[in-house]
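Quick note: residue numbers are just sequence positions, from 1. Atoms within a ligand are numbered from 1 in the order they appear, just like the ligands themselves.
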Amino acid sequence: MTRNFSDKTKYHINLNETYGAHNYKPLDIIISKGEGVWVWDIDGKKYLDMLSAYSALNQGHRHPKIMETLFRQANLLTLTSRAFHNDRLGEFCKKLAELCEMEMVLPMNTGAEAVETAIKLARKWAYVVKKIPMYEAKIIVCANNFHGRTTTIVSFSSEEHYRYYFGPFTPGFKIVEYDSIESIKKALTPDTCAILVEPIQGEAGIIVPKDGYLKELRRICSDNNMLLILDEIQTGLGRTGKLFCYQHENIKPDILILGKALGGGVIPISAVVSTGKLLGLFTPGEHGSTFGGNPLACAVAITALDVIIEENLPQRAEKSGSYFIGELKKIRNELIKEIRGKGLLIGVELKPEAGGARKYCEKLAEEGLLCKETHENVVRFAPPLIISKDEIDWALDRIKKVFAS
Ligand code: PXG
């Protein structure tokens with residue numbers, strides 16, 4: 001960025017770069033406080049958070065109700081491991097299962113862990129129920145997917161940069177084109193046990209498939225005795241204007257993967273949600289995690305879910321999102337290639353001549369708006385779902401200024 005850094009900012013950037021591994025390239029802002037849709041840097045400059053930690057902050061920063069639960073539970077019990085029961089786990093699983101209109105929940109910590117869990121579950125189902133010969137099960141995934149960073153997950157990434165040095169890779173995945181039913185049909189074999197897909201591809205640049213895609217996926221899975229696994233880690237919990245993105249097409253997955261905003265922007269918690277028949281396939285010892293289902297995270301997640309429902313966050317995302325996209329589309333700038341999204345998951349794709357989205361994000365940050373480029377040419381706007389119309393207008397003034405210059 002072009003601005004002059006304060007000594008405090010320089011000190012922290014230097015510290016982070018000296019002692020922290022360089023696996024990220026963050027904007028040069030040291031954030032030290034957050035509240036609602038706003039964050040402040042260490043010099044007191046205020047910014048509107050238009051990234052929401054990649055949709056982990058749907059409820060906003062430090063939501064008072066979530067914070068109250070955090071403190072109350074922290075004063076009672078934080079961790080037991082799963083060697084014992086705790087008095088928050090069951091309530092959390094019940095609440096989440098009922099919200100999803102499913103039956104059972106397996107809690108983990110991070111998104112990638114939940115994806116790994118879903119993969120293990122689909123494979124066990126393949127051998128025990130579908131009777132695919134041992135270790136022959138295949139899972140169909142889509143090009144340009146993003147499901148996390150573990151070695152198995154990067155094994156089926158199509159992004160060279162995510163996987164190049166990290167082989168040998170886990171076999172058993174087939175990559176097909178996203179938003180193409182034809183390419184799935186061509187990839188089907190008797191050994192295929194599941195399709196794992198994002199209802200909207202977030203990291204690929206907010207790629208919204210054609211209407212009917214999920215419905216077709218559902219049909220293919222049902223017709224071919226395969227599981228539909230939806231990774232709603234980024235699209236779920238209100239982000240796209242429905243509680244879950246699959247509700248736009250009135251379908252249900254066999255396995256639903258959630259993370260991010262499940263922890264209310266406060267604590268990591270993820271979950272695999274499914275039927276009793278499926279999740280019941282795991283027997284003691286086959287899967288687990290020290291922190292998975294810990295009472296602190298479960299208590300926070302219960303309130304995080306309550307906030308989403310009580311404050312009508314899906315409906316608000318729908319309304320604010322249509323307004324926001326509508327206003328963005330009024331911006332006249334020939335470097336903008338496309339504006340797309342659903343609810344408050346919005347991407348502005350720039351033409352290659354624009355010279356990359358990063359510099360726009362840097363200019364927006366100077367104006368007090370935090371967002372992040374995804375891939376080379378897409379600026380993502382994904383504020384907390386609690387954002388008001390006034391705050392969107394505040395953002396639009398700045399976005400217009402940057403895109404007009
Ligand atoms: N699935 C989807 C659709 C995601 O967007 C994950 C899985 C993995 O979740 P965890 O909690 O393991 O990160 C994501 C994560 C990053 C990064 O810094 C991750 C995401 C988005 C942007 C950056 O690795 N999404």
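- A donor-acceptor pair under 3.5 Å links the side-chain atoms of Asn75 to the main chain of Phe71, judged by distance alone.
- Taking each heavy atom of Lys120 and Glu286 in turn, the nearest pair found is NZ-O, 3.2 Å.
- Classified by interplanar angle (parallel below 30°, tilted 30° to 60°, perpendicular above 60°), the ring pair Trp38/Trp394 is perpendicular.
- For the side-chain contact (heavy atoms from CB on, under 4.5 Å) test, no residue two or more places apart in sequence or in another chain qualifies with Glu376.
- The two residues Ala112 and Arg149 have their closest heavy-atom pair at CB-N, 4.1 Å.
- Taking a heavy-atom cut-off of under 4.0 Å, ligand 1 is surrounded by Tyr24, Tyr54, Thr110, Gly111, Ala112, Phe146, His147, Gly148, Arg149, Glu198, Glu203, Asp231, Ile233, Gln234, Lys260.
- Considering all non-hydrogen atoms of both residues, Leu57 and Gly265 come closest at CD2-CA, 3.6 Å.
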